[in-house]
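Notes follow the structure.
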Amino acid sequence: MAKTKELSKDVRGKTVDLHKAEMSYKTIAKQLGEQVTTVGVVICKWKKHKITVSLPRSGAPCKISLCGVSMITRNQPRTTREDLVNDLKAAGTIVTKKTIGNTLRREGLKSCSDRMVPLLKKAHVQTLLKFASEDLNYSEKN
């Protein structure tokens with residue numbers, strides 16, 4: 001889809017003025033040298049918002065391009081977010097691990113964090129096994 005050209009303020013203002021003078025869209029388009037659909041869009045916007053200028057969009061722009069998102073989703077399932085951050089940095093995009101996680105979630109993939117509590121150490125496992133074996137012997141005696 002081709003990018004549209006920006007209309008000047010005077011063209012938008014003249015379009016609204018001619019519409020207020022009850023001229024048809026076709027007549028306004030011929031007089032201003034614009035397309036009928038362009039005139040219709042300007043008038044509809046004026047009717048709805050009472051302005052004709054193009055306002056900036058809401059929200060922040062995406063930090064990761066569509067190409068970067070496809071690169072992230074293509075990676076192996078065991079790839080960490082830190083590795084993905086480094087891959088994007090090499091490609092010229094600087095993002096955080098949080099941004100990577102949000103992007104993966106938006107694409108329907110999971111982004112897990114590291115385990116906060118470490119797994120049991122060998123000493124803990126031995127202590128638990130010792131307690132369990134004593135408990136078994138205790139229940140057999142009684």
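All residue numbers in this chain count up from 1 along the given sequence.
- Looking at heavy atoms from C-beta onward, Leu18 lies out of side-chain contact with Val39 at the 4.5 angstrom threshold.
- For the pair Lys50 and Trp46, the cation-pi test (distance below 6.0 Å, angle within 45°) is passed.
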(message) With side-chain contact (heavy atoms from CB on, under 4.5 Å) as the criterion, how do Leu128 and Leu120 come out once you've worked through the C-alpha distance, each side chain's angles and the decisive distance to 0.1 Å?
(response) CA-CA 10 Å; Leu128 286 172; Leu120 294 175; 3.7 Å; yes
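- Here the NZ atom belonging to Lys97 is positioned 8.0 Å from the OG1 atom belonging to Thr80, to the nearest 0.5 angstrom.
- Note that NZ of Lys63 is 10.5 Å distant from CD1 of Ile100, once rounded to the nearest 0.5 Å.
- The local environment of CD in Glu107 is crowded, with over 12 non-hydrogen atoms from other residues, nucleotides or ligands closer than 6.0 Å.
- Nearest heavy atoms, Lys26 versus Val36: CA-CG2, 4.2 Å.
- For Lys45, the NZ atom counts as densely surrounded, since its 6.0 Å shell holds more than 12 non-hydrogen atoms of other residues, nucleotides or ligands.
- Side-chain heavy atoms closer than 4.5 Å link hydrophobic residues (I, L, V, M, F, W, Y) into clusters, and following such links, possibly through other members, connects Met23 to Ile43.
- Taking CG of Leu88 as the start and CD1 of Ile64 as the end, the distance is 5.5 Å to the nearest 0.5 Å.
- Taking CG of Leu84 as the reference point, atom OG1 of Thr103 lies at 10.0 Å (rounded to 0.5 Å).
- Taking OG1 of Thr96 as the start and CZ of Arg81 as the end, the distance is 9.0 Å to the nearest 0.5 Å.
- Residue pairs meeting the side-chain hydrogen bond (donor to acceptor under 3.5 Å, both in side chains) criterion with at least one member in residues 11-20, sequence neighbours excluded: Glu6-Arg12.
- Residue Val41 is not grouped with residue Val11 when hydrophobic side chains (ILVMFWY) are merged at heavy-atom distances under 4.5 angstrom, including chains of intermediate members.
- Sparse packing is recorded around CD1 of Ile94, with 12 or fewer heavy atoms of other residues, nucleotides or ligands lying under 6.0 Å away.
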